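Small disclaimer: the values here were computed from a predicted structure and weren't measured.
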Amino acid sequence: MAGQFRSYAWDPVLILSQIVLMQTVYYSSLGLWLALVDSLVHNSPSLDQIFSYEVLGFSNPPGRLSMMAFILNALTCALGLLYFIRRGKQCLDFTVTVHFFHLLGCWIYNAHFPTALTWWLVHVVCTALMAVIGEYLCMRTELKEIPLNSAPKSSV
């Protein structure tokens, strides 16, 4: 362990708390984006917008707006990865975990496995966006220079 920059210890409590935190960020920011979109078009909010397969679609304006809210939510969750996960190597893991639990929630809510192509398309795009942007943001902070000397330089 002496030659490594960071020590990695298995900490299941930390991992579980990060999973719960990212799931909370996912649903709270999705709810905020959907509320904003609903207020713009004077639509009534519904739990179907989050969990139903039939809501997302290209053919109707509410479906397109819901898809836009999911895309914006992926960008917001990428910021959540930056602030709460902080490791570029773990961004894909937490992104897939968040979307896997969302898939399970949708499956339970609808009582059948999702078969709508638009639902899968939106969630694959959201997963990719969240993972790539989150990893990019985390890598930018990981690659910052580490200041070695905080004292002012003196000319000798």
Side-chain angles (χ1 to χ4, degrees), residues 5-144:
F5 177 67
R6 292 185 181 173
S7 64
Y8 297 102
W10 173 250
D11 190 1
V13 174
L14 174 67
I15 294 171
L16 287 175
S17 63
Q18 286 176 323
I19 289 172
V20 169
L21 181 63
M22 284 308 299
Q23 208 70 38
T24 304
V25 167
Y26 181 79
Y27 285 118
S28 60
S29 62
L30 180 60
L32 289 174
W33 283 116
L34 286 170
L36 178 70
V37 166
D38 287 342
S39 69
L40 292 175
V41 294
H42 305 294
N43 193 9
S44 61
S46 170
L47 203 56
D48 284 343
Q49 290 176 308
I50 296 174
F51 292 110
S52 181
Y53 310 136
E54 290 81 22
V55 172
L56 299 175
F58 294 105
S59 61
N60 55 0
R64 288 190 296 265
L65 289 173
S66 292
M67 288 185 341
M68 183 181 72
F70 273 94
I71 299 294
L72 291 171
N73 185 46
L75 303 176
T76 307
C77 288
L79 290 174
L81 290 170
L82 171 66
Y83 289 112
F84 301 122
I85 306 303
R86 297 182 181 215
R87 297 286 298 145
K89 292 171 76 175
Q90 296 176 341
C91 286
L92 180 63
D93 298 337
F94 281 97
T95 300
V96 170
T97 302
V98 163
H99 284 88
F100 176 73
F101 284 128
H102 180 67
L103 169 68
L104 290 180
C106 291
W107 195 354
I108 292 168
Y109 183 81
N110 293 298
H112 60 86
F113 194 74
T115 56
L117 181 62
T118 55
W119 187 91
W120 283 103
L121 179 67
V122 166
H123 284 85
V124 165
V125 167
C126 288
T127 302
L129 277 174
M130 184 176 160
V132 169
I133 294 172
E135 187 170 339
Y136 171 75
L137 293 173
C138 289
M139 292 300 275
R140 273 188 46 200
T141 59
E142 288 176 354
L143 293 175
K144 285 185 180 176

**Study point:** Note, Leu81 side chain near Leu137 side chain (heavy atom, < 4.5 Å)
**Key:** no
ring-ring contact (aromatic ring centres under 6.0 Å, His included) pairs touching residues 55-76, sequence neighbours excluded, are Phe70-His123
Indicate yes or no: does Arg87 engage Glu142 in a salt bridge with an N to O separation below 4.0 Å.
-> yes
Residue pairs meeting side chain to side chain donor-acceptor pair (under 3.5 Å), one or both in residues 59-85, sequence neighbours left out, come to Ser29-Asn73, Trp33-Thr76
Residues at least two apart in sequence or cross-chain that pass ring pair (Phe, Tyr, Trp, His ring centres under 6.0 Å) with Tyr27, listed by chain then number, are Phe51, His102
Those residues at least two apart in sequence (or on a different chain) that pass side-chain contact (heavy atoms from CB on, under 4.5 Å) with Leu143 are none
Between the CD1 atom in Ile85 and the CG atom in Leu92, the distance rounded to the nearest 0.5 Å is 12.5 Å
Here the gap from Gln18 atom CD to Asp93 atom CG, rounded to the nearest 0.5 Å, amounts to 11.0 Å
The side-chain contact (heavy atoms from CB on, under 4.5 Å) partners of Ile71 (sequence neighbours excluded) come to Val125, Cys126, Leu129
CG of Leu56 to CD1 of Ile50, rounded to nearest 0.5 Å, is 11.0 Å
### Task
Check whether any side-chain heavy atom of Arg86 lies under 4.5 Å from a side-chain heavy atom of Thr141, and answer yes or no.
no
query = Less than 4.5 Å apart, any side-chain heavy atom of Tyr26 and any of Thr95?
reply = no
Across all chains, not counting sequence neighbours, the side-chain contact (heavy atoms from CB on, under 4.5 Å) partners of Ile15 are Trp10, Ile19
Check your understanding: Heavy-atom distance under 4.5 Å between the side chains of Met130 and His99, does that happen here?
Key -> yes
One should read off an interatomic distance between Thr118 OG1 and Glu54 CD, to the nearest 0.5 angstrom, of 9.0 Å
side-chain contact (heavy atoms from CB on, under 4.5 Å) with Phe101: of Thr97, Leu103, Val98, only one passes, and it is Thr97
The side-chain contact (heavy atoms from CB on, under 4.5 Å) partners of Asn110 (sequence neighbours excluded) come to Ser52, Tyr53, Cys106, His112
Hits for side-chain hydrogen bond (donor to acceptor under 3.5 Å, both in side chains) against Tyr109, two or more places apart or cross-chain, chain-then-number order -> Asp48
* **Val55 backbone acceptor or donor facing Gln49 side chain under 3.5 Å** => no
Heavy-atom nearest pair, Leu82 first then Cys138, reads CA-SG, 3.8 Å
So NZ of Lys89 and CE of Met139: to nearest 0.5 Å the spacing works out to 9.0 Å
